[in-house]
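Numbered from 1 within each chain, the chains take letters A, B, ... in sequence-line order. From a predicted model like this one, the values you see are computed outputs, not experimental measurements.
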Number of protein chains: 2
Amino acid sequence: MTGNAAPGVSPGVPQRALRADAQRNVGALLEAARAVFATAGVDAPAKEIADLAGVGVGTLYRHFPQRSDLVKAVFQHGVDACADAAPALAAANEPGAALEQWLRQYTVFVGTKRGLAAALHSGDPAYGALPGYFMRRLEPALASLLDAAIAVGEIRAGTSARDLLHAVANLCMPVPDEGPAYSQRMVALLLDGLRFGATSQPPP
Amino acid sequence: MTGNAAPGVSPGVPQRALRADAQRNVGALLEAARAVFATAGVDAPAKEIADLAGVGVGTLYRHFPQRSDLVKAVFQHGVDACADAAPALAAANEPGAALEQWLRQYTVFVGTKRGLAAALHSGDPAYGALPGYFMRRLEPALASLLDAAIAVGEIRAGTSARDLLHAVANLCMPVPDEGPAYSQRMVALLLDGLRFGATSQPPP
DNA sequence: AACTATACGGAAAGACTTTCCGGTTAGCAA
DNA sequence: TTGCTAACCGGAAAGTCTTTCCGTATAGTT
C-alpha cells in the first residue's frame, strides 16, 4: 500500500484539502439541496439542485456520488445546527424561553424534512446510521435545556428529552393539507402541557 | 352527465364486473406484488412483479394505473387479513393465546412491509388515507382480543390497543442486520411484559 | 358460429440517476 | 510574472424504471 499518511480524520473525508472552487461548490450544493428538499421534497431531481447551485450535475455527483449522500449531508447539517444552537440559546435566555425557542427551531427543522423521515426508516442501509446520529447529537442538546428549565421550576419533570424529540417529530409529520403553522401550534400545545400552571384541565 | 346509475359502490370500483381472465390477473398481480414487496421492498421494479404474475407490464398498469395503487392495494389486503383473523382466533383459543397468535401474525405482516411504512409517512398524498385505514380496521380487532384477555385476568389492563399497535410496528422497524426472528423475539418480550406473573419462558 | 366489448402483451416514450471524458482552472515553483 | 500540472468542471451519453399506446387475442353474448 502507498504510505498515504493522513491526520486522524473520519472515514470518507478526503485527505487533501479541497481546492477553493470545489469548497465553494460543495457549500453551494448543500445550500441548494436544503432549499430544494424543503420545497420539493427529497425526491426532487438532481438537476434542479445542480441548477440552483449554479453547477453541472457532474459536479454534484463528484462530491456526492449517490443521491443519498447528499440527503445525508443535508440532514446532518441540520442536526448539527440544531444541536449547536442550544448552548447559545441557553446563555442568552431564561431557561424556559431557551427551551421554547429551541423547540421552535427544531420544529422548523423537522418540518423542512417531509419525506426525509420516511427515507430514514425506509430500511435503505444508506441511511442506517442517521437515526443514531440524530439522537446522539440532539438528545444531550435538548436534555441540557430541559434540565435547566426543570431546575428553575418552569417545566415539570418526568418527560425525557428522548421522548420529547420523538413526540415533536411525530407531531410534525402526518396531517395532510396543513402548513408549518399547524406544527408550531401543536408543539406549542405540547410545551404548554409541560409547564407548571398550564391552564387546561388535565384528563381524569 | 350521462346517467350511469351504478349501485352504491365505493369510488374507483368499476361498475361492471371484470371479465374472468381479468379477475384472475388482478389476483395474480396482488399475490405477486405481496411476495416481491416482502423480499425486495416496495421499490422493486414493476416488471419483476408482472413477470412473477405471468402477465405483461401493460396489464399491471391497466389494473393499477400507478405504482402507488398497487402498493395501496397490497397494504389494504394485509390489513384486512389481519383484522378479519381476530374473530376466528378468538373463537378457537383461550383469550391469552388468541392475543399472542394475533400479535405474531401482525408482526409478520409489519415485517413484510419494510419500506412501506416509510412510504406511508412520505407525505405523498397517494398514501394519505392509509394510516387512517390501518387504525380504523386494526384497532377494534386488537381491542377485542385485548379486552378479552384482560377480562380473564391473563393480561394486565392499562395499555390501549392503539398504543400496542404502534409499539409493535415501531419495534419491528429499525434494526439493520436483523431478520424477522428478531422482531418476533422483541414482540414476545413486550407481550410478556403485559402478562401477570410473566415467566419469561421462551415460546416454542 | 359470428360478433363485439374487453383485455392482453410488449414496444416505445419519458423521466431520472449515474458515468465518462475533453476542456478549464487553481495553486505552486521558478 | 510565467508556466506547469493535478484537480475540477460541465454536459452529453448510458442505464434503469415508470407509464403510455396500440395491434392482436379472447370471453361472453346473440
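Per the geometry, CZ belonging to Phe64(A) stands 13 Å off P belonging to dC8(D), to the nearest Å. Counting to the nearest Å, the P atom of dG9(C) and the CG atom of Asp21(B) are 9 Å from each other. One interatomic measurement links the two molecules: CZ of Arg67(A) to P of dT19(C), which rounds to 14 Å at whole-angstrom precision. Rounded to whole angstrom, the span from the CG atom of Leu60(A) across to the C1' atom of dC16(C) amounts to 13 Å. Taking atom CG of residue Asn25(B) and atom C1' of nucleotide dT26(D), one finds them 12 Å apart after rounding to whole Å. Following rounding to the nearest Å, Gln23(B) (CD) and dT26(D) (P) show an atom-to-atom distance of 19 Å. Taking atom CD of Gln66(A) as the reference point, atom P of dC16(C) lies 19 Å away to the nearest angstrom. Regarding Glu48(A), its CD atom lies at a distance of 9 Å from the P atom of dC16(C), rounded to whole Å.
Between Arg62(A) and dC9(D), a side-chain N or O to OP1/OP2 separation shorter than 4.0 Å is present. A close approach under 4.0 Å does occur between a side-chain nitrogen or oxygen of His63(B) and OP1 or OP2 of dC8(C). Contact annotation: Arg19(A) side-chain N/O to dA7(D) OP1/OP2 distance is not under 4.0 Å. Taking 4.0 angstrom as the limit, Thr59(B) places none of its side-chain polar atoms (N or O) nearer than this to OP1 or OP2 of dA7(C).
Out of dT18(D), dC16(C), dA7(C), the shortest distance to the side chain of Pro45(A) is found at dC16(C). Among dC9(D), dT17(C), dT18(D), the nucleotide with an atom closest to any side-chain atom of Tyr61(B) is dT18(D). Here the nucleotide nearest the side chain of Val57(A), chosen from dG10(C), dA7(C), dT18(C), is dT18(C).
In this structure, Tyr106(A) and Leu142(A) have side chains that are not in contact, with every pair of non-hydrogen atoms separated by 4.5 Å or more. Between Lys72(B) and Phe64(B), the closest side-chain pair of non-hydrogen atoms is not below 4.5 Å. Put simply, the side chain of Arg137(B) reaches to within 4.5 Å of the side chain of Asp84(B), judged on heavy atoms.
Of the residues near DNA chain D, Val55(A) and Asp43(B), the one whose nearest nucleotide (by heavy atom distance) lies more toward the 5' end is Val55(A). Residue Ser68(B) is the one, among Ser68(B) and Arg24(B), whose nearest nucleotide of DNA chain D lies closer to the 5' end (criterion: closest heavy atom).
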Practice task
Applying side-chain contact (heavy atoms from CB on, under 4.5 Å), run through Ile155(B) and Leu191(B) and close with a yes or a no.
Solution key: CA-CA 9 Å; Ile155(B) 293 287; Leu191(B) 179 60; 4.2 Å; yes
Handout entry: Test salt bridge (charged side-chain N to carboxylate O under 4.0 Å, His left out) applied to Arg195(B) and Asp192(B), step by step
Key = CA-CA 5 Å; Arg195(B) 291 188 210 278; Asp192(B) 279 348; 3.2 Å; yes
